[in-house]
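Below: the structure, in structure tokens.
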Amino acid sequence: MANLPQTTNFIRDIIIEDIKNNKYNGKVITRFPPEPNGYLHIGHAKSICLNFGLAKEFNGKCNLRFDDTNPSKEEQKYVDAIIEDVKWLGFDWEDRLYYASDYFEQFYNWAVELIKAGKAYVCDLSSEEIKEYRGTLTEPGKESPYRNRSIEENLDLFERMRKGEFKEGSRVLRAKIDMSSGNLNMRDPVMYRIKHEPHYRTGNKWCIYPMYDWAHGLSDSIEGVTHSICTMEYEDHRPLYDWFLDQLNIYHPQQIEFARLNLSHTVLSKRKLLKLVNEKYVDGWDDPRMPTLAGMRRRGYTPEAIRDFIERIGVGKKESLVDIALLEYCVRKDLNEKAPRVMAVLNPLKVVITNYPDDKVEYLQAINNPEKPEMGVREVPFSKIIYIERDDFMENPPKEFYRLTLNREVRLRYAYYIKCIDVIKDGAGNIVEIHCTYDPETRGGWSPDGRKVKSTLHWVSASHCIEAEVRLYDYLFTKERPDETEEDEDFTNYINPKSLEILKSCKLEPSLANAKPGSIYQFERLGYFCVDTKDSKDGSLVFNKTVGLKDEWSKILKKSNFNISS
Ligand code: ATP
Ligand code: MG
């Protein structure tokens, strides 16, 4: 299981205190409770790292529990994807894979118990009427005319609800608490609703389904959870969580709330992500532009980088917006040590080295990772015709352009100094190739006479290189907070029309011919790139740009005088 560095946070402090006081006999049991109605996103990673991380640190256990109480939205394919993602992130629930739907019978029996105690009743109001009767923050609610049904009648109706005798929406089971409570959640909340819909696990066994507030605390109690960690929006639900457990007088975990993660330039809501998928703004849940774990994996983000990011943002109670540049910084930092360097030319410009022998090929030594000498060296073929990046040549350069131009000498990485002597254009004036000479004395990229050049270019040999498709990504949204829109505005208005750019015939050094799907490289001077796991086929590689080399985050920190630790 993944090791997380331990910085403190308020939940950790609560647990330390509980252990000291021998609350829960010093045990720590947490759970990660996703609803299988979508893929996990980076916000879920915060909850996963927190729950599994705390359990590990305090020698406890963390369960993976599917909170699958709504048949309309849940599917087995999401269960499978969630399992894969939590494993990939580096966490292990051992044999503790649970489903709320396995507890339906127990939930039902507890509901009957509450009815018998006069604490729950069947209500025939429609959902609109229930809303109307609920009142507002400033006005108390009104009691339902069905509130004082006899226990016998409630038991009979509830049983018949289960048997499927009633139409959807015609009746619900409600807790009998307090219609004048200052907390709207306590105004006789619904516990069960009728849904004549098959459930992906229980099939047609049930046609009444428990509400989240009813099911969640009971599930935690069944599993002996000690600290039930959830996001702030459930703070107002805690009195209800407590009420159900207290009325049933069963084992009572402690609910603790923390602030959810918000990330700039993206949305972290499954409903919105589902819309992006369904309406084909992206190519599925694992599109590399998505903030999903599956998307990030496909993009080349590593579990180590994501865990590092989560550790750095910390855990608090106040909502904030985290700059996506911090996540990119963590990815870059991790890949810098892991990714082998290679040369790839994305927008090729043909270069003929006029004084190089026609048929000669030299194999020049290149370093795989200057940060990690143990990653060794490789040989890169050099020949008369090469490709360089189109951007690295300018015929009429501005003053601060130090790369190649007519009559200027530059270094080809690991190869030679070359000097441009001619520019060849087509009829329309477009540059089709350039001619250069090379200095045979500068093999390896160094001049024995100490002559200096101002830049070093990457290149590939035209007759040896392989071709590949490269996909470049930009933020999915142009707005920093696309989820903060006016009421009549749709968040999709802010989708970045330039979030994907496809380059079809990039030229890569031949060592990449056998690159495995999922492997990640640094293309020198360009950034980190990952072999796409979905669209790469034998003989035709597709690369996703993972992240650039430029460190936007360090710039942000420098501006704010903030220190990045290690
Ligand atoms: P969404 O709001 O995206 O629909 P959800 O909260 O309904 O997500 P669940 O599957 O119920 O999704 O979430 C499982 C767990 O992950 C919950 O405990 C939830 O609090 C937590 N979680 C969801 N989103 C975030 C987030 N952005 N930051 C931190 N934790 C989150
Ligand atoms: Mg939820």
With no hydrogens and no angle check, is any side-chain donor or acceptor of [X] less than 3.5 Å from a backbone partner on [Y]?
X	Y	result
T136	E139	yes
K176	R147	yes
N70	S72	yes
D334	E304	no
R187	S181	yes
R134	K142	no
N9	I11	yes

Between [X] and [Y], is any side-chain donor less than 3.5 angstrom from a side-chain acceptor?
X	Y	result
D213	Y234	no
E489	Y494	yes
S219	D67	no
S101	D68	yes
S150	E153	no

Where does the angle between the aromatic ring planes of [X] and [Y] fall among parallel (under 30°), tilted (30 to 60°) and perpendicular (over 60°)?
X	Y	result
H199	Y209	parallel
W285	Y39	parallel
F107	Y103	perpendicular
Y108	F158	parallel

ask   = Is the Lys NZ or Arg CZ of R201 less than 6.0 Å from the centre of Y99's six-membered ring, within 45° of the axis?
value = yes
ask   = Is it the case that R171 places NZ or CZ above or below the six-membered ring of F166, under 6.0 angstrom from the centre and within 45 degrees of the axis?
value =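 So R171 does make the cation-pi contact.
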Inter-residue atom distance [X].[atom1] - [Y].[atom2], 0.5 Å rounding:
X	Y	atom1	atom2	value
I208	R193	CD1	CZ	10.5 Å
T292	I42	OG1	CD1	10.0 Å
M161	S170	CE	OG	7.5 Å
T30	N63	OG1	CG	7.0 Å
L64	R96	CG	CZ	10.0 Å
L173	N154	CG	CG	7.5 Å

Salt bridge (Lys or Arg N to Asp or Glu O under 4.0 Å), paired with R297, selected from D85, D287, D532 =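 Passing option: D85.
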query = Of F10, F258, Y24, which is the lone residue that meets ring pair (Phe, Tyr, Trp, His ring centres under 6.0 Å) with H227?
reply =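 In the set F10, F258, Y24, the residue that makes a ring pair (Phe, Tyr, Trp, His ring centres under 6.0 Å) with H227 is Y24.
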May I ask you to test the [X]-[Y] pair for a side-chain heavy-atom distance under 4.5 Å?
X	Y	answer
C123	Y133	no
M191	M211	no
V122	R149	yes
F58	R12	yes

inquiry  = Surrounding NZ of K317 (heavy atoms of other residues, nucleotides or ligands, distance under 6.0 Å), is the total greater than 12?
reply    = yes
inquiry  = Restricting to non-hydrogen atoms, name the atom on L274 and the atom on Y78 that form the minimum distance, rounded to 0.1 Å.
reply    =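 Closest approach of L274 to Y78, heavy atoms only: CD1-OH, 3.8 Å.
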remark   = Scanning both residues in full, the closest heavy-atom pair of S228 with R31 reads OG-NH2, 3.2 Å
Could you check whether [X] pairs with [Y] (Lys NZ or Arg NE/NH1/NH2 to Asp/Glu carboxylate O, under 4.0 Å)?
X	Y	answer
E233	R260	yes
D286	R298	yes
K275	D490	yes

task = Carefully, step by step, assess V282 and V277 under the rule side chain to side chain contact (heavy atoms under 4.5 Å, CB included).
result = CA-CA 6 Å; V282 294; V277 172; 4.2 Å; yes
key: side chain to side chain contact (heavy atoms under 4.5 Å, CB included) between R174 and S144, intermediate numbers included   = CA-CA 10 Å; R174 296 176 71 176; S144 160; 3.9 Å; yes
